[in-house]
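Contents: one structure, followed by commentary.
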Amino acid sequence: MATLYGDDRYDDRLEDPGPDGRAKLRQLHELTLAEVEAFPRDGLSVEDRITLDSLSIVCRLQIEQDDQGFHELRVVDQIEGPQTLLPQLVQYQKADTPERLERLVARLRDYGRFMAANVEILRDGIRSGRTAPRIVAERTIEQLERLLATPIEEAVIASLVQVADEAARERVRDVVRDVVYPADARFLEVLRTEYLPHTRSEPGLWSAPDGAALYRTQIRAWTTLDLEPRDVHELGLAELE
């Protein structure tokens with residue numbers, strides 16, 4: 001996120017999607033929520049009160065989604081799954097100086113750890129029953145197969161990366177071949193052999209364990225409103241008609 005906002009202090013690392021990283025993120029939201037609730041409202045402008053309310057909503061939703069294990073449902077996604085991260089990042093992260101190149105290379109080398117943690121989330125989802133719809137898993141598998149079938153000379157990451165010269169691009173290509181492709185291949189293997197048989201045949205979120213509660217949380221996440229899933233569905237049908 002810092003990279004997308006133009007802050008390059010963290011360009012040499014990837015987030016930790018594992019238990020420790022999730023615990024730290026939850027702690028951040030809990031501490032922020034406590035500070036927001038303790039903050040005196042008297043004398044604040046309308047804008048500042050809105051800011052505090054927005055922070056409260058974000059923190060409460062993040063804590064609730066952590067309670068629900070929603071990360072297990074996000075890990076398989078052909079649009080925003082973990083395998084899409086690097087092709088997006090290299091379009092924002094400049095590697096056009098020796099220092100910037102070193103940070104990018106360090107980040108790419110960290111991808112093995114990052115994807116290994118996501119493999120464990122796949123297995124957590126199998127155990128909890130919080131798996132992706134089969135159609136989403138199949139599309140993610142197809143996407144990974146296409147990525148891995150791409151010759152290393154045409155690899156997406158190396159093609160998109162913003163480097164100073166071809167020597168630097170070749171260095172990135174080496175890391176993609178040695179680290180990124182094997183990490184994606186391992187994720188694909190577990191997704192195809194272990195995970196796919198446990199996917200949900202019905203694509204609706206309601207078909208996941210505690211689906212109605214998950215659905216309500218997502219309605220609040222997208223609208224900030226406490227609406228019943230059935231009411232939202234009926235509204236959609238009425239508007240379509």
Side-chain angles (χ1 to χ4, degrees), residues 1-18 21 71 73-123 125 131-197 199:
M1 188 62 71
T3 298
L4 297 182
Y5 287 153
D7 183 345
D8 63 5
R9 289 177 296 168
Y10 312 98
D11 280 0
D12 61 344
R13 68 191 80 170
L14 293 170
E15 65 182 41
D16 178 7
H71 62 284
L73 293 163
R74 288 196 177 108
V75 72
V76 178
D77 186 342
Q78 78 273 23
I79 299 174
E80 295 183 342
Q83 78 284 352
T84 69
L85 176 62
L86 292 182
Q88 295 180 62
L89 267 178
V90 294
Q91 298 180 66
Y92 294 91
Q93 180 171 349
K94 294 186 181 298
D96 53 354
T97 68
E99 295 77 14
R100 288 173 171 171
L101 178 61
E102 289 303 322
R103 288 200 290 267
L104 175 64
V105 168
R107 173 172 264 177
L108 295 177
R109 291 196 179 281
D110 195 32
Y111 189 68
R113 175 202 59 80
F114 173 77
M115 287 305 279
N118 282 294
V119 165
E120 292 310 308
I121 295 175
L122 290 179
R123 291 174 170 146
T131 57
R134 176 155 301 193
I135 188 172
V136 173
E138 289 173 343
R139 288 176 178 175
T140 304
I141 288 170
E142 292 168 3
Q143 180 190 62
L144 280 162
E145 289 173 341
R146 289 195 302 272
L147 285 170
L148 291 169
T150 303
I152 192 63
E153 295 77 15
E154 303 170 14
V156 174
I157 294 169
S159 299
L160 295 175
V161 69
Q162 304 176 61
V163 290
D165 51 42
E166 285 306 307
R169 191 178 307 278
E170 187 62 31
R171 187 172 175 203
V172 170
R173 192 173 285 122
D174 288 343
V175 183
V176 172
R177 181 189 59 243
D178 297 341
V179 178
V180 176
Y181 271 26
D184 279 344
R186 178 58 179 158
F187 186 82
L188 172 60
E189 177 188 4
V190 175
L191 181 59
R192 189 164 46 199
T193 60
E194 299 181 31
Y195 189 90
L196 186 62
T199 52

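Values below: every heavy atom of this structure, side chains too, minus hydrogens, waters and symmetry copies. Keep in mind that this is a model prediction, so the values were computed, not measured.
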Report summary line: With sequence neighbours left out, the residues meeting salt bridge (Lys or Arg N to Asp or Glu O under 4.0 Å) with Asp110 are Arg113
Query - Contacts of type side-chain hydrogen bond (donor to acceptor under 3.5 Å, both in side chains), residue Asp165, not counting sequence neighbours - result: none
Query - Considering all heavy atoms, the nearest Ala95-Val161 contact - result: CB-CG2, 4.5 Å
Requested in this report: Mark yes when over 12 heavy atoms from residues, nucleotides or ligands other than Ile152 sit less than 6.0 Å from its CD1; otherwise mark no.
Outcome: yes
Query raised in the report: Quick check: does any side chain N or O of Tyr181 sit under 3.5 Å from a backbone N or O of Leu147, one acting as donor and the other as acceptor?
Result: yes
Query - Arg109 side-chain N/O to Val179 backbone N/O, donor-acceptor pair under 3.5 Å - result: no
Query raised in the report: Residues two or more places apart in sequence or in another chain: which of them pass side-chain contact (heavy atoms from CB on, under 4.5 Å) with Glu102?
Result: Arg171
Query - Pro197: side-chain contact (heavy atoms from CB on, under 4.5 Å) partners, not counting sequence neighbours - result: none
Query - Results of salt bridge (Lys or Arg N to Asp or Glu O under 4.0 Å) for Arg169 - residues two or more places apart only - result: Glu166
Query raised in the report: Taking all atoms of both residues into account, what is the closest heavy-atom pair of Pro87 and Leu160, and its distance?
Result: O-CD1, 3.7 Å
Query raised in the report: Under the side-chain hydrogen bond (donor to acceptor under 3.5 Å, both in side chains) test, which residues partner Glu15, sequence neighbours left out?
Result: none
Query - Any side-chain heavy-atom pair of Leu196 and Leu191 under 4.5 Å - result: no
Report summary line: For Ala168 and Val163 the tightest heavy-atom approach is CB-CB, 3.8 Å
Query - Whether Thr140 side chain and Gln78 backbone form a donor-acceptor pair below 3.5 Å - result: yes
Query raised in the report: What pairs meet the salt bridge (Lys or Arg N to Asp or Glu O under 4.0 Å) rule with one or both residues in residues 84-97, with sequence neighbours excluded?
Result: Asp96-Arg100
Show me the donor-acceptor pairs within less than 3.5 Å that the side chains of residues 116-123 make with the rest of the protein, sequence neighbours left out.
residue	atom	partner	partner atom	Å
Asn118	ND2	Phe114	O	2.9
Glu120	OE2	Arg123	NH1	3.0
Arg123	NE	Glu194	OE1	3.0
Arg123	NH2	Glu194	OE2	3.0

Report task. Working to the nearest 0.5 Å, report the span between CD of Gln93 and CG of Leu4. Result -> 10.0 Å
Report task. Compare every heavy atom of Val136 with every heavy atom of Asp77, then report the nearest pair and how far apart it is. Result -> CA-CG1, 4.0 Å
Requested in this report: Scan residues 133-155 for pairs that pass salt bridge (Lys or Arg N to Asp or Glu O under 4.0 Å), counting only residues two or more places apart or in two chains.
Outcome: Glu145-Arg192
Report summary line: Residue pairs meeting salt bridge (Lys or Arg N to Asp or Glu O under 4.0 Å), one or both in residues 175-184, sequence neighbours left out, come to Asp174-Arg177
Report task. Nearest 0.5 Å please: distance from the OH atom of Tyr92 over to the CD atom of Gln162. Result -> 10.5 Å
Query raised in the report: Would you find a donor on one side and an acceptor on the other, under 3.5 Å apart, between the side chain of Tyr111 and the backbone of Val175?
Result: no
Requested in this report: May I ask you to test the Val176-Leu86 pair for a side-chain heavy-atom distance under 4.5 Å?
Outcome: no
Report summary line: Closest non-hydrogen contact found for Asp16 with Gly21 is OD2-N, 3.1 Å
**Report entry** For Gln143, side-chain hydrogen bond (donor to acceptor under 3.5 Å, both in side chains) partners two or more places apart
**Finding:** Gln83
Requested in this report: Return the set of residues passing side-chain hydrogen bond (donor to acceptor under 3.5 Å, both in side chains) with Asp11 (not counting sequence neighbours), or none when no residue passes.
Outcome: Thr3
Requested in this report: Could you please spell out the steps behind the side-chain contact (heavy atoms from CB on, under 4.5 Å) verdict for Val172 and Leu101?
Outcome: CA-CA 9 Å; Val172 170; Leu101 178 61; 4.0 Å; yes
Requested in this report: Check whether any side-chain heavy atom of Phe187 lies under 4.5 Å from a side-chain heavy atom of Val75, and answer yes or no.
Outcome: yes
